[in-house]
Number of protein chains: 2
Amino acid sequence: MSDPTTAPRPTLEAVAARAGVSRATVSRVVNGGDGVREPLVERVRQAVEELGYVPNQAARSLVTRRHDAVAVVIAEPETRVFTDPFFALQLRGISKELTLHDCQLVLLLTEGRDDHARVGRYLAGGHVDGALVFSLHLDDPLPGLIRGAGVPTVFGGRPCWADGSRGTAPTVYVDSDNRGGAREAVRHLASLGRTRIAHIAGVLDQTSAVDRLDGYRDVMLDADPRLIVEADFTPAGGERAMRELLGRFPDLDAVFAANDLMAAGALRVLRAVGRRVPEDVALIGFDDMLPVAEQTDPPLTTVRQDIEQMGRLMARLLLRGLERRGGEAAGTPGGTPSSVVLPTTLVRRASA
Amino acid sequence: MSDPTTAPRPTLEAVAARAGVSRATVSRVVNGGDGVREPLVERVRQAVEELGYVPNQAARSLVTRRHDAVAVVIAEPETRVFTDPFFALQLRGISKELTLHDCQLVLLLTEGRDDHARVGRYLAGGHVDGALVFSLHLDDPLPGLIRGAGVPTVFGGRPCWADGSRGTAPTVYVDSDNRGGAREAVRHLASLGRTRIAHIAGVLDQTSAVDRLDGYRDVMLDADPRLIVEADFTPAGGERAMRELLGRFPDLDAVFAANDLMAAGALRVLRAVGRRVPEDVALIGFDDMLPVAEQTDPPLTTVRQDIEQMGRLMARLLLRGLERRGGEAAGTPGGTPSSVVLPTTLVRRASA
DNA sequence: GCGGGCGTCGGGAGCGCTCTCACCGGGACT
DNA sequence: AGTCCCGGTGAGAGCGCTCCCGACGCCCGC
């Protein structure tokens with residue numbers, strides 16, 4: 001706690017008095033200064049400076065119905081998903097972009113049903129201009145709630161319903177090219193002369209896991225389906241899956257895991273049973289989660305996605321949509337911002 | 001983007017009309033319903049329900065001068081520090097506690113000087129009721145700015161000035177017992193019969209690094225100062241430091257690293273030069289950063305801090321301070337909330 | 001049976017801002 | 001020379017809410 005004597009903050013009125021102009025003029029200057037002659041602008045600026053005037057956002061919002069704030073909703077931050085730097089990087093990207101536009105970031109973390117209701121109410125309450133939503137699971141009710149709330153929204157990661165082209169309003173999302181990345185990884189394994197290539201999939205109620213699996217399948221057109229094991233994105237899950245796979249196919253010579261954590265688990269099992277990586281079994285992960293991918297022995301070859309960039313893009317898309325709204329109401333050139341899929345890159349280290 | 005036709009949200013007035021009462025009565029019901037007779041309360045509640053009324057926070061703030069929102073300021077989220085789940089967990093703890101009190105979380109990430117000014121302006125602008133601030137570096141101007149802004153604040157981690165008892169206003173912070181945890185780690189190494197115990201310190205412009213070093217010194221009272229090497233909290237730094245130490249003391253038999261990342265780096269070097277862990281050299285880290293500590297080989301013995309709990313506590317302390325303010329203005333029993341230092345626990349795995 | 005007090009309720013002012021509109025002056029045009 | 005127009009400025013209304021205060025019962029006590 002600091003200063004308990006809350007000094008009364010100067011108001012527009014006070015600035016106007018000091019500058020010898022009307023409230024309206026001060027307001028104009030504060031909001032860009034268009035239509036005010038230079039000498040007056042200067043006088044007002046100085047008064048603002050001297051008084052340390054800061055606009056009262058509440059009063060402003062009351063009349064403009066804008067808040068210069070967007071909500072970032074992160075659903076179900078279980079320890080597992082929260083443990084990786086994914087969201088931190090997204091947030092950083094989002095924050096940078098929002099800052100550029102003088103927009104605040106209201107963070108909403110949810111877990112469990114009642115939280116969903118709370119978030120729904122908050123968004124519907126019109127406290128923010130828009131929302132950036134991360135919802136990982138197929139059965140998550142949150143996206144539906146949000147669409148109901150009528151708040152402009154951009155999703156992080158392709159939401160589940162966005163694959164079938166429903167008759168619904170267009171959903172804007174930013175995702176990385178999970179499928180393409182997976183394809184590249186598997187192709188790389190194939191180019192190494194590997195033929196028995198297994199896949200440790202993530203939880204298949206997430207589009208990212210499904211897409212990576214699809215990418216694998218794109219390349220391994222007629223592979224034995226038993227080469228695919230679904231796990232849970234954790235190292236322990238990766239271990240179990242690896243053991244399972246080794247049991248089924250003692251002769252397998254490559255593994256593509258749907259994330260680095262599972263790859264790390266798989267790596268431990270491989271080493272434990274005496275398989276050399278990459279000589280006997282080549283291994284590729286996904287995410288390029290640095291503290292893991294660089295720390296394994298050997299360091300992990302993996303598929304990198306530019307997570308911070310995803311965040312920036314989400315924010316940019318949302319803001320663009322918002323200003324379109326405020327502007328010509330409709331029909332402005334450019335049309336509705338549409339979804340973006342960012343490219344991935346294969347990072348070659350030692351494991352494949 | 002969704003529904004472009006923004007439906008006009010119902011106002012207090014509308015609810016009042018529908019319930020056949022006055023605005024004032026609706027307001028009373030919405031804010032707890034004290035002093036309104038039951039049948040009326042019920043009627044109003046129903047009207048609220050039917051109209052889907054949500055209070056306009058801006059209008060409310062305008063008169064109450066409260067915002068039901070606190071800022072979380074995270075200074076300098078360099079990739080290194082942002083890469084570990086530390087902030088994510090803190091945020092989760094903070095979010096949970098704030099949610100309990102119907103309080104919003106405004107996230108402010110900063111990097112660089114101009115950002116500081118921006119944050120200072122924002123806080124001084126009175127847009128939030130309080131602030132939770134994470135500032136890691138000794139020379140960070142942010143804490144000063146914030147104190148200047150006159151916003152109730154709780155710090156995450158002991159700020160640098162809080163050690164000397166200045167005549168300034170009391171600073172409230174939440175920290176974990178870095179020094180005690182370090183002591184416990186080093187004592188554990190000693191109890192294993194190790195005598196040549198080295199310390200890989202973190203960047204010493206952070207109080208956490210300094211405290212951990214102090215804890216080491218508390219136990220190793222007359223150790224050779226050359227057993228201490230300052231590194232930068234990264235795996236690469238840990239590697240360099242380890243090599244340095246091995247050069248100086250080929251006979252060292254234990255290492256306490258100020259975080260898990262450096263411990264992981266040290267571990268790689270030890271293995272590379274053929275030292276067995278823990279047989280030849282025992283190794284302890286700090287943080288219990290799961291994706292690292294559990295993935296190393298052998299798994300890392302380390303000092304755990306309950307990060308989420310720290311977050312919760314910070315929020316609780318701040319909120320308590322805020323309600324004291326709003327309440328009896330001053331002199332309420334209980335006094336100013338004071339800083340809290342949370343205990344750490346030694347997690348024994350295989351490396352020591 | 002009557003006055004004071006308390007518990008409920010409504011009226012109204014006003015929080016600080018934006019925005020519309022009326023006003024005013026000067027240059028260009030008829 | 002008079003009129004029109006237009007850029008610049010000020011006055012005033014009103015955004016949706018809270019909170020103060022005054023009005024109105026109602027019950028209790030004398």
Side-chain angles (χ1 to χ4, degrees), chain A residues 6-45 47-48 51-69 102 124-129 326-327 329, chain B residues 6-45 47-48 51-69 102 124-127 129 326-327:
Chain A
T6 314
R9 299 204 297 118
T11 129
L12 248 202
E13 194 78 49
V15 179
R18 178 162 198 120
V21 297
S22 74
R23 252 185 4 252
T25 299
V26 179
S27 174
R28 279 186 272 259
V29 172
V30 170
N31 295 294
D34 306 325
V36 179
R37 259 190 297 245
E38 193 46 45
L40 269 200
V41 171
E42 200 40 53
R43 264 215 332 262
V44 172
R45 286 250 160 79
V48 165
L51 268 55
Y53 169 76
V54 184
N56 181 323
Q57 185 61 42
R60 181 180 281 177
S61 296
L62 184 57
V63 31
T64 59
R65 281 129 202 296
R66 292 178 57 261
H67 301 85
D68 295 314
D102 279 313
H127 302 299
V128 291
D129 300 325
Chain B
T6 313
R9 299 204 295 119
T11 128
L12 248 202
E13 194 79 48
V15 179
R18 178 163 196 116
V21 297
S22 74
R23 254 187 359 254
T25 299
V26 179
S27 174
R28 279 186 274 260
V29 171
V30 169
N31 294 295
D34 305 324
V36 179
R37 258 190 300 244
E38 194 45 46
L40 268 199
V41 171
E42 200 41 52
R43 252 196 7 244
V44 171
R45 287 249 159 80
V48 166
L51 267 55
Y53 170 76
V54 184
N56 181 323
Q57 185 61 42
R60 181 181 280 176
S61 296
L62 184 55
V63 30
T64 60
R65 281 129 200 300
R66 292 177 58 260
H67 300 84
D68 294 315
D102 278 312
H127 301 299
D129 300 325

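So that the names make sense, note that chain A is the first sequence line, chain B the second, and so on, each numbered from 1.
- Contact between the side-chain N/O atoms of B:Thr11 and the OP1/OP2 oxygens of D:dC17 is found at a separation under 4.0 Å.
- A:Arg45 contributes atom CZ, which lies 7.5 Å from atom CD of A:Glu38 (distance to the nearest 0.5 angstrom).
- For the atom pair NE2 (A:His67) and CD (A:Gln57), the distance works out to 8.5 Å, reported to the nearest 0.5 Å.
- Residues B:Val63 and B:Gly35 both approach DNA chain C. Their nearest nucleotides, taken by heavy-atom distance, put B:Gly35 toward the 5′ side.
- Between the CG atom of B:Leu12 and the C1' atom of D:dC15 there is a distance of 13 Å, given to the nearest Å.
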Let's go through A:Val30 and A:Arg60 carefully: what are the C-alpha distance in whole Å and the side-chain angles of both, what is the deciding distance for side-chain contact (heavy atoms from CB on, under 4.5 Å) to 0.1 Å, and is it a yes or a no? CA-CA 12 Å; A:Val30 170; A:Arg60 181 180 281 177; 3.7 Å; yes
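- In this structure, A:Glu38 places its CD atom 16 Å from C1' of D:dT9, rounding to the nearest Å.
- Residue A:Leu62 contributes atom CG, which lies 4 Å from atom C1' of D:dC15 at whole-angstrom precision.
- Under the 3.5 Å distance criterion, the side-chain polar atoms of B:Arg9 are matched with a main-chain donor or acceptor of A:Gly125.
- Residue B:Asn56 places none of its side-chain N or O atoms closer than 4.0 Å to OP1 or OP2 of D:dC15.
- The CD-C1' distance, from B:Glu13 to D:dT18, rounds to 14 Å in whole Å.
- The CG atom of B:Asp68 sits 14 Å away from the C1' atom of D:dC17 (whole-angstrom rounding).
- Remark: B:Arg37 is in phosphate contact with C:dC9, judged by side-chain N or O atoms under 4.0 Å from OP1 or OP2.
- A:Asn56 CG to B:Arg65 CZ: the interatomic distance, rounded to the nearest 0.5 Å, is 7.5 Å.
- Rounded to whole Å, atom P of D:dG16 lies 14 Å from atom NE2 of A:His127.
- Listed nucleotides: C:dG16, D:dT18, C:dT18. Nearest to the side chain of A:Ala59: C:dG16.
- A distance of 9.0 Å separates OG of A:Ser22 from CG of A:Leu40, quoted to the nearest 0.5 Å.
- Of the candidate nucleotides C:dG16, C:dC9, D:dC17, D:dC17 has the atom nearest to the side chain of B:Tyr53.
- To the nearest angstrom, C1' of D:dG10 lies 12 Å from CG of A:Leu40.
- Here the P atom of nucleotide C:dG16 and the NE2 atom of B:His67 are 11 Å apart, to the nearest Å.
- Across residues 14-30 of chain A, A:Arg23, A:Ala24, A:Ser27 each have a non-hydrogen atom less than 4.0 Å from an atom of DNA chain C (numbered order).
- Within the 4.5 Å cutoff, the side chain of A:Val36 has heavy atoms near those of the A:Thr25 side chain.
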